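Since we're looking at a predicted model, the values are computed, not measured.
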Amino acid sequence: MAKLVFGMNQSLDGYVDHDKFQTGPQLFRHWTEQVGGLAGSVYGARMYEIMRYWDQDDPEWDAARRDFAAAWRRQPKWVASRSLKSVGPNATLVGDDVEAVVRGLKADLAGEIAVSGPTLAHSLTDLIDEYRLYLHPAVLGHGVPFFAGPRPPLRLAASDLMGEDVIRLTYVPA
């Protein structure tokens, strides 16, 4: 049975914004290894559209970015959306009953499945086995919160320094 994990970079005041954080080489390598080791990912439409950036090669990329793109392209993806009509390579569009699809993935796969996007994670709160908050030393003051709804009761399971200035806090349901 697979474990469903929700983890994202966030500010000290709890907001996620992929344009606002600097990801140093150690953290970027961590994300590449993380993505490369997943059994798959479940995306909300907005997060999937952001990540589609990695579907196209960019001649300006360094080796680390090419490695991340390769890892991202290899993993199976399920995209929860009623608005998208199609998805890219190695992705499956899920229009209805996302919770049932995720329950099936957890039952059928081994390893970790990432859930990507705060709104989608909120809709799957009862299925999430682990939360990973990557705290960056920034205060945004506004934006999309990591927790898009009421926070479930959580228990701290681990804390790790990730690179020079990012701390990962790992929580499990209490």
Side-chain angles (χ1 to χ4, degrees), residues 3-56 58 60-75 77-81 88 91 102 111-125 127-152 154-173:
K3 176 167 59 170
L4 189 64
V5 176
F6 175 48
M8 292 186 76
N9 295 313
Q10 75 169 63
S11 63
L12 293 174
D13 55 346
Y15 296 105
V16 298
D17 186 330
H18 72 283
D19 290 327
K20 303 291 185 198
F21 305 116
Q22 295 297 320
T23 302
Q26 287 177 306
L27 183 57
F28 195 83
R29 189 170 37 259
H30 164 77
W31 282 117
T32 301
E33 291 168 3
Q34 176 73 23
V35 167
L38 292 171
S41 290
V42 182
Y43 286 92
R46 278 178 279 161
M47 185 58 66
Y48 179 71
E49 289 295 306
I50 290 168
M51 294 301 291
R52 289 291 311 268
Y53 167 80
W54 298 104
D55 273 340
Q56 303 299 318
D58 185 332
E60 308 258 334
W61 284 347
D62 59 12
R65 278 159 182 69
R66 285 191 301 274
D67 290 346
F68 181 87
W72 190 78
R73 291 172 191 166
R74 274 193 307 269
Q75 70 164 295
K77 295 169 266 308
W78 293 267
V79 182
S81 176
V102 171
E112 290 186 355
I113 302 168
V115 58
S116 297
T119 304
L120 177 61
H122 175 64
S123 73
L124 299 171
T125 296
L127 299 178
I128 294 177
D129 300 298
E130 193 169 285
Y131 292 86
R132 295 178 186 157
L133 291 71
Y134 292 79
L135 294 176
H136 288 254
V139 176
L140 301 182
H142 66 281
V144 177
F146 181 90
F147 289 101
R151 291 168 184 88
L154 300 173
R155 177 181 55 78
L156 181 65
S159 61
D160 305 287
L161 184 60
M162 307 297 293
E164 293 179 19
D165 58 1
V166 175
I167 295 175
R168 177 181 62 192
L169 299 174
T170 302
Y171 288 92
V172 295

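Considering only residues two or more places apart in sequence or on other chains, Leu154 meets the side chain to side chain contact (heavy atoms under 4.5 Å, CB included) condition with Tyr131, Phe147, Pro152, Tyr171. Contacts of Asp19 classified as side chain to side chain contact (heavy atoms under 4.5 Å, CB included), with partners at least two apart in sequence or in another chain: Asp17. The side chain to side chain contact (heavy atoms under 4.5 Å, CB included) check on Leu161 picks up Ile167, with sequence neighbours excluded.
Considering CD of Glu112 and CD of Gln34, their distance stands at 5.5 Å, rounded to 0.5 Å.
Heavy-atom minimum distance, Trp78 versus Gly40: CZ3-CA, 3.8 Å. Among all heavy-atom pairs drawn from Ala148 and His122, the shortest one is CB-CB, 3.9 Å. Arg132 and Thr170 make their closest contact through CG-OG1, 4.1 Å (heavy atoms, listed as atom of the first residue, atom of the second, distance). Annotation for Met8 and Pro118: closest pair SD-CD, 3.9 Å, computed over non-hydrogen atoms.
Here the options are Phe68, Trp61, Phe21, Tyr134, the test is ring-ring contact (aromatic ring centres under 6.0 Å, His included), and the partner is Phe28; only Phe68 passes.
At a threshold of 4.5 Å between non-hydrogen side-chain atoms, the residues Val115 and Val102 do not count as touching.
Screening residues 163-173 for salt bridge (Lys or Arg N to Asp or Glu O under 4.0 Å), with sequence neighbours left out, gives Asp160-Arg168. Pairs passing the side-chain hydrogen bond (donor to acceptor under 3.5 Å, both in side chains) check and including a residue from residues 39-51, sequence neighbours excluded, read Ser41-Gln75, Tyr43-Trp72. Among residue pairs with one or both ends in residues 27-45, none qualify as salt bridge (Lys or Arg N to Asp or Glu O under 4.0 Å); sequence neighbours excluded.
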